[in-house]
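Data block below; observations after.
We use all heavy atoms of the structure for the numbers below, so side chains are in, but hydrogens, waters and symmetry mates are not. FYI, the numbering just counts along the sequence from 1.
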Amino acid sequence: MTKHYILQALNADGKSVYIDDVPNGKNCECTCAECGGKLIAKNKGRIKVHHFAHENGNDSIRCSQTASHLLAKEIIAEEKRIPIPRNGQIDFHQTDSIEQEKFMGDIVPDLYANYENRPYIVEILVTHEVDEEKLQKIMQHKISAVEIDLSDKTFESKEDVKVAIYNPQNIKILYDDDTRRISERKEILLNYGLKLKVDRGGIVDCPYARAYVPQEFCRECVFCCKEDSENIRCGIRLPLLLRPDLRNETTILVNQNKVMFPSEAKQYNESHFGWKMRQAVEHGIMAQMMFYRR
């Protein structure tokens with residue numbers, strides 16, 4: 001028979017504590033986070049799994065599940081390392097800040113984190129997955145969210161839980177706000193961007209370079225969006241009626257369906273509008289010279 005261990009509990013001050021961080025026996029002065037019952041700490045042995053047990057002997061599966069949920073949140077908060085959805089994949093990053101059970105008005109996520117000035121939500125699934133109603137509310141907040149599935153699993157240590165948390169196979173993307181941002185940016189560029197005609201495989205007068213550049217340079221630019229095979233839209237100058245954050249967006253590569261973090265965008269744009277642009281202009285000059293020699 002599988003044993004479901006209680007590894008996390010609440011101390012006398014109501015703080016979440018791990019089994020190895022409290023005194024042995026009743027001296028731990030801990031209670032069960034699920035039922036509120038008094039617990040005994042069994043953490044002296046070297047062979048048996050260290051765990052909490054109810055004084056009355058009623059160690060239910062539900063109590064261990066709640067303890068696992070509590071421990072998982074503590075681990076992520078301590079590590080400050082969260083899974084972030086990016087282009088349909090999961091990346092792990094050290095957060096700038098993280099908070100458990102943050103009240104957000106209509107929802108209270110398990111973990112709310114910030115990375116490079118962008119918010120992220122992490123939900124822990126042990127018994128109840130995120131339902132459609134909560135998912136819709138997360139989407140309304142426009143915050144990317146993932147769910148870590150720890151259901152149907154048993155753990156004998158904190159390390160076991162940590163391994164499960166950071167296993168990509170246990171992580172599901174609930175909502176990736178990058179998809180919305182890319183779509184929004186594309187719509188803005190197509191509606192308000194300068195219409196530039198592709199001529200001889202390039203743009204005759206790039207608004208940024210002020211010169212002829214190959215269209216490949218535009219396709220890799222944060223200001224550009226391909227309209228069709230003959231035209232490119234450029235957002236270097238957008239109408240003032242748009243919000244400043246929409247006009248000054250420099251982290252989205254529409255043609256690549258990619259959103260960069262601010263630090264990535266800074267490095268990318270420095271090279272794109274630096275040596276890559278000089279290279280593109282030189283290539284454009286050579287291409288025009290070849291064209292007029294024909």
Side-chain angles (χ1 to χ4, degrees), residues 6-18 21-22 29-37 39 52 60 62-86 90-151 153 155 158 161-162 164-166 170-181 184 243 245 259 261-262:
I6 300 174
L7 303 176
Q8 197 81 356
L10 302 177
N11 65 11
D13 297 324
K15 182 182 177 181
S16 176
V17 290
Y18 180 59
D21 297 330
V22 299
E29 297 183 338
C30 291
T31 56
C32 176
E34 171 62 27
C35 70
L39 298 174
F52 290 102
S60 71
R62 189 165 184 82
C63 290
S64 67
Q65 290 172 332
T66 298
S68 295
H69 188 267
L70 198 64
L71 178 54
K73 289 189 295 182
E74 285 292 326
I75 289 172
I76 297 174
E78 288 173 4
E79 295 286 321
K80 290 188 176 181
R81 181 168 173 257
I82 64 166
I84 291 178
R86 300 197 71 194
I90 292 292
D91 284 351
F92 293 96
H93 294 276
Q94 293 293 132
T95 64
D96 302 316
S97 64
I98 191 165
E99 184 178 344
Q100 296 186 46
E101 306 288 345
K102 179 180 175 66
F103 178 71
M104 298 178 62
D106 54 351
I107 57 172
V108 181
D110 287 331
L111 294 137
Y112 177 93
N114 275 284
Y115 179 70
E116 294 215 15
N117 296 318
R118 294 180 187 171
Y120 295 94
I121 285 174
V122 179
E123 295 287 347
I124 309 296
L125 165 59
V126 178
T127 56
H128 302 293
E129 62 183 356
V130 173
D131 58 23
E132 186 62 29
E133 181 181 357
K134 186 171 185 178
L135 178 58
Q136 288 301 318
K137 290 177 180 177
I138 289 173
M139 293 171 68
Q140 288 170 11
H141 281 277
K142 299 177 182 179
I143 300 178
S144 295
V146 298
E147 184 176 67
I148 301 175
D149 187 359
L150 302 181
S151 64
K153 294 177 177 62
F155 305 105
K158 190 174 187 176
V161 180
K162 187 185 295 187
I165 287 172
Y166 293 111
N170 295 330
I171 302 171
K172 178 175 74 173
I173 298 174
L174 294 175
Y175 172 63
D176 186 354
D177 194 56
D178 283 358
T179 302
R180 176 196 63 81
R181 293 183 63 199
E184 180 182 66
R243 297 198 319 264
D245 62 311
V259 177
F261 291 122

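Taking a 6.0 Å sphere around NZ of K142, one finds it holds 12 or fewer heavy atoms contributed by other residues, nucleotides or ligands. Heavy-atom contacts from other residues, nucleotides or ligands closer than 6.0 Å to CG of D245 number more than 12.
Residues that satisfy the ring-ring contact (aromatic ring centres under 6.0 Å, His included) test with Y115, not counting sequence neighbours, are H93, F261. By the side chain to side chain donor-acceptor pair (under 3.5 Å) test, Y120 is found to be paired with no residue, residues two or more places apart in sequence or in another chain being considered. Residues forming a side chain to side chain contact (heavy atoms under 4.5 Å, CB included) with K172 (at least two apart in sequence, or on another chain): E129, E147, L174. Residues passing the side chain to side chain contact (heavy atoms under 4.5 Å, CB included) test with D176, sequence neighbours excluded: P85, S144, I173, D178, T179. By the side chain to side chain donor-acceptor pair (under 3.5 Å) test, E116 pairs with S263, sequence neighbours left out. When the side chain to side chain contact (heavy atoms under 4.5 Å, CB included) test is applied to M104, the partners found at least two apart in sequence or on another chain are K102, I107, P109, Y112, I121, H141, I143. Judged as a side chain to side chain donor-acceptor pair (under 3.5 Å), and not counting sequence neighbours, the contacts of E78 are K158. For the side chain to side chain contact (heavy atoms under 4.5 Å, CB included) test, residues two or more places apart in sequence or in another chain that qualify with V17 are N11, V22, C30. In this structure E184 satisfies the salt bridge (Lys or Arg N to Asp or Glu O under 4.0 Å) test together with R180, sequence neighbours excluded. Under the side chain to side chain donor-acceptor pair (under 3.5 Å) criterion, R62 pairs with E34, sequence neighbours left out.
The distance from atom OG1 of T66 to atom CD of Q8, rounded to the nearest 0.5 Å, is 12.0 Å. The CG atom of D149 sits 4.0 Å away from the CG atom of L125 when rounded to the nearest 0.5 Å. Here the straight-line distance linking atom CG of D91 with atom CD1 of I84 works out to 7.5 Å at 0.5 Å rounding. Going from atom CG of L39 over to atom CD of E29 covers 12.0 Å, rounded to the nearest 0.5 Å. Here CD1 of I75 is found 10.5 Å from CG of L70. Values are rounded to the nearest 0.5 Å. Rounding to the nearest 0.5 angstrom, the gap separating the CD1 atom in I148 from the CG atom in L111 is 8.0 Å.
Within the structure, the salt bridge (Lys or Arg N to Asp or Glu O under 4.0 Å) test picks out the following pairs touching residues 66-77 (sequence neighbours left out): K73-E101. Residue pairs meeting the salt bridge (Lys or Arg N to Asp or Glu O under 4.0 Å) criterion with at least one member in residues 130-140, sequence neighbours excluded: E123-K134, E133-K137.
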Stepwise side-chain contact (heavy atoms from CB on, under 4.5 Å) check, I124 with I76:
CA-CA 10 Å; I124 309 296; I76 297 174; 3.8 Å; yes
Please lay out, stage by stage, how V146 and I82 fare under the test side-chain contact (heavy atoms from CB on, under 4.5 Å).
CA-CA 9 Å; V146 298; I82 64 166; over 6 Å; no
Might you work through the side-chain contact (heavy atoms from CB on, under 4.5 Å) test for I6 and S64, ending with a clear yes or no?
CA-CA 5 Å; I6 300 174; S64 67; 4.1 Å; yes
Pair I171-F92, side-chain contact (heavy atoms from CB on, under 4.5 Å): steps then yes or no:
CA-CA 11 Å; I171 302 171; F92 293 96; 3.6 Å; yes
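Nearest approach of A164 to L150, heavy atoms of both residues: CB-CD2, 3.7 Å.
With E79 contributing its side chain and Q94 its backbone, the two residues share no donor-acceptor pair below 3.5 Å.
For the pair F155/L71, no side-chain contact is recorded, criterion being any heavy-atom separation below 4.5 Å from C-beta on.
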